[in-house]
Amino acid sequence: MAQDTGLLPHSAHWGAFSAGFRDGRLVVEPHPGDPDPNPLLQNFPEALRHRARIARPMIRRGWLERGPGPDPRRGRDEFVPVSWDRALELLAGELRRVQGEHGPGAIFGGSYGWSSAGRFHHAQSQVHRFLNTALGGYVRSVNSYSAGASAVILPHFLGPFEAVARRNVTWDQVAAHSELVLAFGGMALKNSMVASGGVSRHIERGAMAAARARGCEFLLIAPLRDDLPEEAGAEWLPVVPGTDTALMLALAHVLVTEGLHDRAFIDRYCTGWDTFEAYLLGRADGQPKTPDWAAPICGLPADQIRELARRLPGRRVLVTVAHSLQRAEHGEQPIWMACVLAAMLGQIGLPGGGYNYALGALGHYGRRQNAVSAAALPQGRNGVGAFIPVARIADMLLNPGGAFDYNGQRLAYPDIRLVYWAGGNPFHHHQDLNRLRRAFAAVETLVVHEIGWTATARHADIVLPCTMTLEREDIGATATDPLMVAMHQVAEPFAEARDDYAIFSALAERLGRAAEFTEGRSARDWLRHLYEPTRRGLEERGLPAPSFEEFWAAGSLTLPQAEDDGGILRDFRTDPEAHPLPTPSGRIEIASATIAGFGYPDCPGHPAWLPPEEVPTGDAPLRLVANQPATRLHSQFDYGGHSAGMKRRGREVMRINPADATPRGIADGDVVRLRNARGACLATAAVSGDVMPGVVQLPTGAWYDPEDPAEDGSPCVHGNPNVLTRDVGTSRLAQGCTGQLTVVEVERFEGNLPPIRAYDPPGEALAAE
Ligand SMILES: Nc1nc2c(c(=O)[nH]1)N[C@H]1C(S)=C(S)[C@@H](COP(=O)(O)OP(=O)(O)OC[C@H]3O[C@@H](n4cnc5c(=O)[nH]c(N)nc54)[C@H](O)[C@@H]3O)O[C@H]1N2
Ligand SMILES: Nc1nc2c(c(=O)[nH]1)N[C@H]1C(S)=C(S)[C@@H](COP(=O)(O)OP(=O)(O)OC[C@H]3O[C@@H](n4cnc5c(=O)[nH]c(N)nc54)[C@H](O)[C@@H]3O)O[C@H]1N2
Ligand SMILES: [Mo]
């Protein structure tokens with residue numbers, strides 16, 4: 001297929017597009033209907049045949065020679081290339097051994113990660129289905145790195161994550177109705193450029209521009225000026241990261257003491273106000289949460305907080321909170337408190353008003369739902385009950401049998417022997433990577449399916465090369481975008497790479513479970529099978545319902561969408577007796593008896609300001625914001641043209657305010673070293689007034705590249721901030737990821753610059769056989 005082709009339809013988390021070869025080069029063109037196409041699509045051409053691709057099955061030498069077992073050489077060892085037959089035979093034998101000796105409860109198959117966008121070749125669905133059908137199950141992980149704290153706390157006080165984050169205020173409502181948007185953490189366009197499953201239209205920029213043209217004001221409460229786009233014309237209130245709860249409490253205090261809060265709304269729709277008010281006004285703890293109290297915590301002057309509070313009542317105000325606020329110590333609190341603030345303003349459930357969690361964090365939020373859905377690959381039944389909150393992986397591997405708290409339960413970490421990963425990169429997503437290395441050293445076997453030599457693949461014992469999305473056909477669909485895409489195969493598989501489905505089918509065959517896993521279907525048969533419910537749904541509505549062959553030939557299908565009805569919050573507002581919220585009281589819980597009953601000191605029964613354990617110190621005086629990268633999705637195609645082109649001196653860019661750069665002798669373009677008690681990394685400094693003083697920003701996603709892989713705690717020379725972040729949960733309630741924030745010192749790097757080796761395939765040993 002390297003010869004010239006026409007452009008074929010395809011889709012990615014970066015949007016719908018078409019791709020093909022012109023003059024032997026891969027060309028990627030965004031969907032013609034997309035008003036604001038995503039530059040991340042341009043990571044594809046370089047990525048397709050990059051040297052970082054994995055060419056054939058590989059086994060870690062130590063594992064091959066000495067067999068399974070804990071081994072500190074993971075991540076340092078050479079690899080031995082083997083044939084597919086040999087790799088599959090060894091892996092099937094090892095799966096049989098672990099399952100036979102310890103049961104499926106010794107296999108961790110959480111396999112967290114974003115993988116790629118198609119409905120069928122979705123790696124997590126594939127690995128889960130395989131472990132369920134062929135081995136009887138696996139230990140799973142619950143919740144996400146995205147919304148670890150909010151997924152647990154939202155249902156306690158308001159409703160399910162899906163209903164609150166995804167079926168709430170839409171961008172159309174913002175454009176038409178909002179008068180003031182109070183955006184905690186902002187709604188950066190770089191983030192909404194990404195949508196799980198891919199969207200055909202990126203609408204956020206246009207919606208903010210339309211709202212502003214109508215007179216809507218945007219207030220940006222965030223450490224970075226570009227957390228809202230220029231089109232929003234926002235006023236920037238730089239808040240000290242991790243302190244929003246204190247600021248929100250002070251706003252609430254002004255509203256109450258000046259009689260500006262909506263008592264009627266609170267009485268009719270909420271519960272727990274008195275408990276909260278006693279805390280707010282200081283009757284409960286002797287500390288009124290006044291603007292003067294909050295100012296030194298959050299870094300905004302008390303007068304500005306008072307003035308801000310007085311601007312809020314009497315208009316259509318929308319309070320939004322980014323995911324990022326809860327990816328931090330006590331991350332549950334700002335999520336809850338923002339809803340209390342919105343309740344006090346009485347706008348919840350009105351078009352363009354109230355509370356929306358994570359609007360703008362991803363492109364598939366804030367949109368109408370499709371009226372006809374697309375199917376997902378069935379995963380089968382998991383015979384293992386044990387689970388972990390997703391970000392507790394290193395704790396689990398380092399403390400088998402150890403106890404932990406989670407959402408009112410006291411649970412124990414399972415004893416894991418084998419870890420199976422497909423479609424995720426823990427060396428991207430997890431915190432304290434030096435600790436993660438020790439955790440992975442403790443398992444008996446680590447299996448990874450990957451496109452490229454990520455650090456996770458380098459730490460594995462068995463590495464199986466898989467195709468990337470352009471090398472196979474699939475169906476692209478998102479529940480909130482009408483375009484269903486017939487994703488055609490654009491390129492031949494790289495070297496010996498195989499589809500995850502083909503790999504699992506062959507393994508299932510060796511384990512005598514082929515029929516259970518494949519149900520006798522080829523990949524194309526599965527696409528036809530997964531398409532059928534959509535076709536039937538259209539037919540039932542009396543709409544044109546093309547056959548699979550017609551859909552495939554047309555390249556896409558436009559699905560009907562439901563009305564923009566405001567979801568459960570609108571219904572609740574309209575008639576709270578007929579449509580109670582799915583909380584214990586049926587109302588908005590300003591205080592929660594359930595949470596209070598858990599007795600967690602780090603998550604009390606109402607929103608509260610809990611000072612973080614980690615604060616700037618003499619050794620680490622700056623706060624680091626380790627946020628989502630603008631130039632790629634997480635670590636995916638870090639070596640792609642767009643991502644690599646935005647690096648400087650080959651390294652990830654760290655932004656620093658001139659007030660912090662000057663005293664450190666750091667000039668724009670200097671290579672710097674960020675360090676704290678957990679580790680160190682290099683990055684290239686960009687000196688910029690768009691980041692507030694006292695804060696530096698280094699996005700995630702540069703591939704982990706230890707200077708000396710054989711040395712414990714060796715610095716990452718490429719700029720992966722997760723060598724610096726802390727591996728602790730948000731609280732006992734949710735145990736969510738806290739990777740967004742940490743504290744560091746930054747200094748100019750002197751000396752010889754170490755080379756970047758992150759994309760070079762690891763050393764190969766001669767085949768042992
Ligand atoms: N410090 C800090 N850390 C964070 C965050 C933060 O804010 N700060 N954010 C967190 C968040 S919100 C998230 S969601 C996570 C994201 O963490 P991940 O989802 O783990 O990151 P990705 O880089 O998307 O990893 C996906 C991997 O799947 C591979 N892949 C793609 N397609 C396929 C396929 O078809 N088959 C197989 N087998 N593999 C495939 C890609 O090559 C890539 O390595 O990171 C978290 N980590
Ligand atoms: N381009 C791109 N887009 C993405 C992703 C990607 O990797 N690349 N990842 C996607 C995924 S999986 C997710 S979950 C979402 C994540 O959505 P978010 O977690 O919301 O995204 P971030 O960019 O990490 O954070 C948004 C902004 O919050 C600000 N912030 C950080 N801490 C605080 C704080 O304590 N208070 C306040 N007020 N602001 C703070 C930072 O300045 C940061 O730029 O993004 C999605 N979109
Ligand atoms: Mo995420």
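Read the numbers this way: they start at 1 and go in the same order the structure lists the ligands and their atoms.
Distances below 4.0 Å separate heavy atoms of Thr725 from the following atoms of ligand 1: 1 (N). Counting the atoms of ligand 1 from 1 in the order shown, those under 4.0 Å from a heavy atom of Asn722 are 1 (N), 2 (C), 3 (N). In the vicinity of Tyr112, heavy-atom distances shorter than 4.0 Å reach the ligand 1 atoms 14 (S). Near Thr700, meaning under 4.0 Å from any of its heavy atoms, are these atoms of ligand 1: 1 (N), 2 (C), 3 (N), 6 (C), 8 (N). Short contacts between ligand 2 and Ala361, defined as distances under 4.0 Å to a heavy atom of the residue, involve ligand atoms 15 (C), 17 (O), 45 (O), 46 (C), 47 (N). Numbered from 1 in the order shown, with element, the atoms of ligand 1 that lie under 4.0 Å from a heavy atom of Ser146 read 12 (S), 14 (S). Contact atoms of ligand 1 toward Asn425: 20 (O), 25 (O), 44 (O) (distance under 4.0 Å to a heavy atom of the residue). Every atom of ligand 1 with a heavy atom of Ser115 under 4.0 Å away is listed here by number and element: 26 (C), 28 (O), 30 (N), 31 (C), 32 (N). Less than 4.0 angstrom separates some heavy atom of Leu224 from each of these atoms of ligand 2: 42 (O), 44 (O).
Looking only at protein heavy atoms, the nearest one to atom 29 (C) of ligand 2 is Asp227 OD2, 3.5 Å. Closest to atom 43 (C) of ligand 1, if we only count protein heavy atoms, is Glu450 OE2, 3.3 Å. Looking from atom 40 (C) of ligand 1 to the surrounding protein, the closest heavy atom is Gly423 CA, 3.8 Å. Nearest protein neighbour of atom 37 (C) of ligand 1, counting heavy atoms only, is Cys466 SG, 3.4 Å. Among all non-hydrogen protein atoms, the one lying nearest atom 12 (S) of ligand 2 is His634 NE2, 3.0 Å. Nearest to atom 26 (C) of ligand 2 among the protein's heavy atoms is Ser324 OG, 3.6 Å. Distance from atom 27 (C) of ligand 2 to its nearest protein heavy atom, with residue and atom name: Gly185 O, 3.4 Å. Looking only at protein heavy atoms, the nearest one to atom 35 (O) of ligand 2 is Gly242 N, 2.6 Å. Among all non-hydrogen protein atoms, the one lying nearest atom 10 (C) of ligand 1 is Tyr145 CB, 3.6 Å. The protein heavy atom nearest to atom 34 (C) of ligand 1 is Asp500 OD2, 3.5 Å. Summary of contacts: the protein heavy atom closest to atom 20 (O) of ligand 1 is His429 ND1, 2.6 Å. Of the protein's non-hydrogen atoms, Gln636 NE2, 2.8 Å is the one closest to atom 24 (O) of ligand 1. Of all protein heavy atoms, the one lying nearest to atom 47 (N) of ligand 2 is Asn191 O, 3.0 Å. The single protein non-hydrogen atom nearest to atom 6 (C) of ligand 1 is Ala626 O, 3.5 Å, given as residue, atom name and distance.
The salt bridge (Lys or Arg N to Asp or Glu O under 4.0 Å) pairs that include a residue from residues 318-333 are Glu329-Arg726, where partners are two or more places apart or lie in different chains.
The residue among Arg225, Gln697, Lys190, Arg327 with a heavy atom at the shortest distance from atom 19 (O) of ligand 2 is Arg327. Taking all heavy atoms of Ser635, Gly739, Pro426, Cys737 into account, the minimum distance to atom 23 (O) of ligand 1 is reached by Ser635. In this structure, of Leu633, Asp244, Leu40, the residue bringing a heavy atom nearest to atom 36 (N) of ligand 2 is Asp244.
The aromatic rings of Tyr759 and His50 stand perpendicular to each other, their planes meeting at an angle above 60°, with 30° marking the opposite boundary. Ring geometry for Trp114 versus His13: interplanar angle over 60°, hence perpendicular rather than tilted (30 to 60°).
For the pair Arg51 and Asp760, the minimum side-chain heavy-atom distance is below 4.5 Å. At a threshold of 4.5 Å between non-hydrogen side-chain atoms, the residues Glu450 and Thr456 do not count as touching. Residues Leu318 and Asn356 meet the side-chain proximity criterion, which asks for heavy atoms closer than 4.5 Å. Contact check for Asp690 versus Arg655: side-chain heavy atoms found under the 4.5 Å cut-off.
Contact annotation for Met468 and ligand 1: no heavy atom of the residue comes within less than 4.0 Å of the ligand. Looking at Arg472 against ligand 1, only its side chain comes within 4.0 Å, counting heavy atoms. At a heavy-atom distance under 4.0 Å, only side-chain atoms of Gln628, from C-beta outward, approach ligand 1.
Inclusion of Pro223 in the set of residues having an N or O under 3.5 Å from an N or O of ligand 2 is not warranted. Ligand 2 has no N or O atom lying under 3.5 Å from any N or O atom of Val194, backbone or side chain. Remark: ligand 2 and Leu741 share no N or O pair separated by less than 3.5 Å (distance only, no angle test). Residue-to-ligand polar distances keep Val239 apart from ligand 2: every N/O pair is separated by 3.5 Å or more. On a distance-only criterion, Gln431 and ligand 1 share at least one N/O pair closer than 3.5 Å. Every N/O-N/O distance between Ala322 and ligand 2 stays at or above 3.5 Å. Considering backbone and side-chain atoms together, Thr631 places no N or O closer than 3.5 Å to any N or O of ligand 2. Considering both main-chain and side-chain atoms, Gln740 comes within under 3.5 Å of ligand 2 through a nitrogen or oxygen pair.
With respect to the salt-bridge test (charged N to carboxylate O, under 4.0 angstrom), the residues Asp34 and Arg201 do not qualify. Ion pairing of Glu204 with Lys190 is absent here, as no side-chain N (NZ or NE/NH1/NH2) approaches a carboxylate O to less than 4.0 Å. Using a 4.0 Å cut-off between charged side-chain N and carboxylate O, Arg119 and Glu473 make no salt bridge.
Residues Trp84 and Glu496 come closest through the heavy atom pair NE1-O, 2.9 Å. Contact detail for Ala680 and Val723: the closest heavy-atom pair is O-CG2, 3.4 Å. Annotation for Cys466 and Arg53: closest pair O-NH2, 3.5 Å, computed over non-hydrogen atoms. Contact record, Val743 with Val615: CG1-C, 3.7 Å, taken as the closest heavy-atom pair.
Put simply, the residue from Tyr420, Trp421, Tyr501 that forms a ring pair (Phe, Tyr, Trp, His ring centres under 6.0 Å) with His449 is Tyr420.
Between the Asn434 side chain and the Arg678 main chain, a donor and an acceptor come within less than 3.5 Å of each other. At distances below 3.5 Å, not a single donor-acceptor pair connects side-chain atoms of Trp453 with backbone N or O atoms of Arg458.
For the residue pair Ser150/Tyr357, the side-chain donor-acceptor check at 3.5 Å is satisfied.
Look at Pro629 and you'll find a heavy atom under 4.0 Å from some atom of ligand 2. Within the structure, the closest approach of Gly186 to ligand 2 does not fall below 4.0 Å when heavy atoms are considered. Under a 4.0 angstrom heavy-atom cut-off, Arg632 registers as being in contact with ligand 2.
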Distance-only criterion, 3.5 Å: show the donor-acceptor pairs between side-chain atoms of residues 41-48 and protein atoms not counting sequence neighbours.
residue	atom	partner	partner atom	Å
Gln42	NE2	Val28	O	3.2
Asn43	OD1	His642	N	2.9
Asn43	OD1	Ser643	N	2.8
Asn43	ND2	Thr631	O	3.0

